[in-house]
Protein chains: 2
Amino acid sequence: MAVTASKPTLAERPCDTSTWDAGNCPVRDVMNHIAGKWSTLILQALSEKPYRFGELRRLVPDISQRMLTQTLRDLQRDGYIDRQVFPTKPPSVEYRMTPLGYSLFEPLSAVLAWAASNHANVRAARSKFDASDLR
Amino acid sequence: MAVTASKPTLAERPCDTSTWDAGNCPVRDVMNHIAGKWSTLILQALSEKPYRFGELRRLVPDISQRMLTQTLRDLQRDGYIDRQVFPTKPPSVEYRMTPLGYSLFEPLSAVLAWAASNHANVRAARSKFDASDLR
DNA sequence: CTTTGTTGGTCTCAAAAAGAGACTAACACT
DNA sequence: AGTGTTAGTCTCTTTTTGAGACCAACAAAG
């Protein structure tokens, strides 16, 4: 697959250089929570349909319960997902994407799609780097 | 600002459930490298124009030299940026975005723009969570 | 009626990653 | 001679992550 993108209009720069230090930069404040190793994966799952804790655990086989709990809490805290407890026995917990979550997932899914279609390019670049260059 | 997105067509799912374990999932393979704390920030800077090591360091005041070096190496390895050494004294090194990098930055910048315009929503959700709920 | 399984977590401890800061070489300028 | 600049690397400490044991309460199986 060929790469055809050129430098985009640098008009919409979401964060100017004067606010690039953490604490002042809104973009960093938001991104630092969704840029984690597991966040996008969970968002991707919940964009499809609501899932329960155990289902997510099985869906992402190599996440630890600890990190699943923490990732879900963080996503809930930032308003991307909702948590609902059902009084079954034992109680079950369902996670569901909020409108805010869906609105985030819209642009995010474009990045995921890019990753899917450009995996080969990236792997090629890696091989080239590892073979020729340093290290 | 109002959030108006609804559930997007779940047609384009870049990674089906059978390949959600790391090692098999192309999306994870790509995302795990650009989802770091510093990667998007560096990509954002280099999308604008080439920068030298020290310039990036000053641009992102709270990154350590160690992590800047490592982030740049990773981005270079995956083919998003190029590294060029100029034989000045002392030698200077310029980092520049590649076509592959620009093609990634296109969808990525939409997420950054989302983050910029939805910062208030996220902060509101956080306050609500911290105040009412658990912890 | 005891054993086993299920739920969604938390707790502890070890391993990995990140951050802070000193240190380098070779030259330019003062 | 001393100071500053370049782009890093090296070491040490702190933070984050991962692996796995443990929990209570009930259901179903034996």
Side-chain angles (χ1 to χ4, degrees), chain A residues 20-23 25 28-29 31-42 45-46 50-78 81-96 129 133-135, chain B residues 20-23 25 28-29 31-42 45-46 50-78 81-96 129 133-135:
Chain A
W20 269 29
D21 49 301
C25 180
R28 291 185 62 173
D29 186 35
M31 290 303 292
N32 281 345
H33 285 85
I34 62 183
K37 182 176 176 184
W38 306 111
S39 309
T40 52
L41 220 46
I42 300 301
L46 294 179
Y51 278 105
R52 287 172 43 189
F53 186 87
E55 292 176 316
L56 288 171
R57 199 163 127 64
R58 285 185 286 276
L59 199 58
V60 185
D62 58 342
I63 193 174
S64 63
Q65 278 190 311
R66 192 181 162 283
M67 284 315 290
L68 181 54
T69 302
Q70 188 178 308
T71 303
L72 289 168
R73 283 266 190 290
D74 290 349
L75 293 176
Q76 184 193 0
R77 190 172 101 101
D78 280 14
I81 65 177
D82 259 343
R83 178 179 184 270
Q84 193 175 356
V85 183
F86 294 101
T88 58
K89 299 178 181 169
S92 61
V93 179
E94 189 183 84
Y95 292 93
R96 175 187 296 268
F129 180 90
D133 233 18
L134 346 87
R135 237 144 308 277
Chain B
W20 268 32
D21 48 301
C25 180
R28 288 184 64 174
D29 186 34
M31 290 303 293
N32 281 345
H33 286 86
I34 62 183
K37 182 176 176 184
W38 305 110
S39 308
T40 51
L41 220 47
I42 300 299
L46 293 179
Y51 278 105
R52 288 175 38 194
F53 187 88
E55 291 177 316
L56 288 170
R57 202 163 125 65
R58 284 186 285 277
L59 200 56
V60 186
D62 57 342
I63 194 175
S64 64
Q65 279 189 311
R66 191 182 163 282
M67 286 313 292
L68 180 54
T69 301
Q70 188 178 306
T71 302
L72 288 169
R73 283 267 188 289
D74 290 349
L75 293 176
Q76 183 193 359
R77 191 171 102 99
D78 280 14
I81 65 177
D82 259 342
R83 178 179 183 269
Q84 193 176 355
V85 182
F86 294 100
T88 57
K89 298 179 182 168
S92 60
V93 179
E94 187 182 86
Y95 293 91
R96 176 188 297 269
F129 181 90
D133 232 18
L134 345 88
R135 243 145 304 275

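In what follows, chains are A, B, ... by sequence order, proteins preceding strands, each numbered from 1. Keep in mind that what you see is a predicted model, and the values were worked out from it rather than measured. Computed over heavy atoms, backbone and side chain alike; hydrogens, waters and symmetry mates excluded.
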Next on the checklist: Does D:dT16 have OP1 or OP2 under 4.0 Å away from a side-chain N or O of A:W38?
Outcome noted: no
Checklist entry - Counting N and O atoms only, with roles assigned by atom type, does the side chain of B:S39 sit under 3.5 Å from a partner on the main chain of B:L75, one being a donor and the other an acceptor? => result no
Checklist outcome for this item: Picking from C:dG19, C:dT7, D:dG8, the nucleotide nearest the side-chain atoms of B:R83 would be D:dG8
Checklist entry - Choosing from C:dT6, D:dA19, D:dG8, which nucleotide comes nearest the side chain of B:V93? => result D:dG8
Item to check | Between P of C:dA28 and NZ of B:K89, the distance in whole Å | outcome: 7 Å
Item to check | Worked check of side chain to side chain contact (heavy atoms under 4.5 Å, CB included) between B:L56 and B:L72 | outcome: CA-CA 10 Å; B:L56 288 170; B:L72 288 169; 3.9 Å; yes
Checklist entry - Is the backbone N or O of B:W20 less than 3.5 Å from a side-chain atom of B:R28, with the two atoms forming a donor-acceptor pair by type? => result yes
Checklist entry - Please give, in whole Å, the distance from C:dA18 P to B:L72 CG? => result 14 Å
Item to check | N or O in side chain of B:Q70 less than 4.0 angstrom from C:dA18 OP1/OP2 | outcome: yes
Checklist entry - At under 4.0 Å between heavy atoms, what does B:F86 touch on the DNA or RNA strands: base, sugar-phosphate, or nothing? => result nothing
Item to check | Phosphate OP1/OP2 of D:dC12: any B:R66 side-chain N/O under 4.0 Å | outcome: no
Checklist outcome for this item: Whichever of A:I63 and A:P90 has the more 5' nearest nucleotide on DNA chain D, that residue is A:I63
Checklist entry - Please walk me through it: do A:I34 and A:D78 pass side chain to side chain contact (heavy atoms under 4.5 Å, CB included)? => result CA-CA 9 Å; A:I34 62 183; A:D78 280 14; 5.6 Å; no
Next on the checklist: Of the listed nucleotides (C:dT10, C:dT6, D:dT9), which one gets closest to any side-chain atom of A:R73?
Outcome noted: C:dT10
Item to check | Gap between atoms CZ and C1', on B:R57 and C:dG19 respectively (whole Å) | outcome: 12 Å
Item to check | Separation of C:dT7 P from A:Y51 OH (nearest whole Å) | outcome: 16 Å
Checklist entry - Are OP1 or OP2 of D:dT16 and a side-chain N or O of A:K37 less than 4.0 angstrom apart? => result no
Checklist entry - Roughly, in whole Å, what's the span from CG in B:D62 to P in C:dG21? => result 13 Å
Next on the checklist: side chain to side chain contact (heavy atoms under 4.5 Å, CB included) for A:D62 and A:W38? Distances and angles first, verdict last.
Outcome noted: CA-CA 10 Å; A:D62 58 342; A:W38 306 111; 3.8 Å; yes
Item to check | Value in whole Å for how far the C1' atom of D:dT17 lies from CD of A:Q65 | outcome: 15 Å
Checklist entry - Looking only at side-chain N and O atoms, does B:Y95 come under 4.0 Å of OP1 or OP2 in D:dG8? => result yes
Next on the checklist: Rounding to an integer number of Å, can you tell me how far A:L68 CG sits from D:dT16 P?
Outcome noted: 19 Å
Checklist outcome for this item: Side-chain contact check for A:M67: nearest option of D:dT17, D:dA7, C:dA20 is D:dT17
Checklist entry - So what does A:R52 touch, heavy atoms closer than 4.0 Å: a base, only the sugar-phosphate, or nothing? => result sugar-phosphate
Item to check | Distance, rounded to the nearest Å, where B:D74 contributes CG and D:dG8 contributes P | outcome: 14 Å
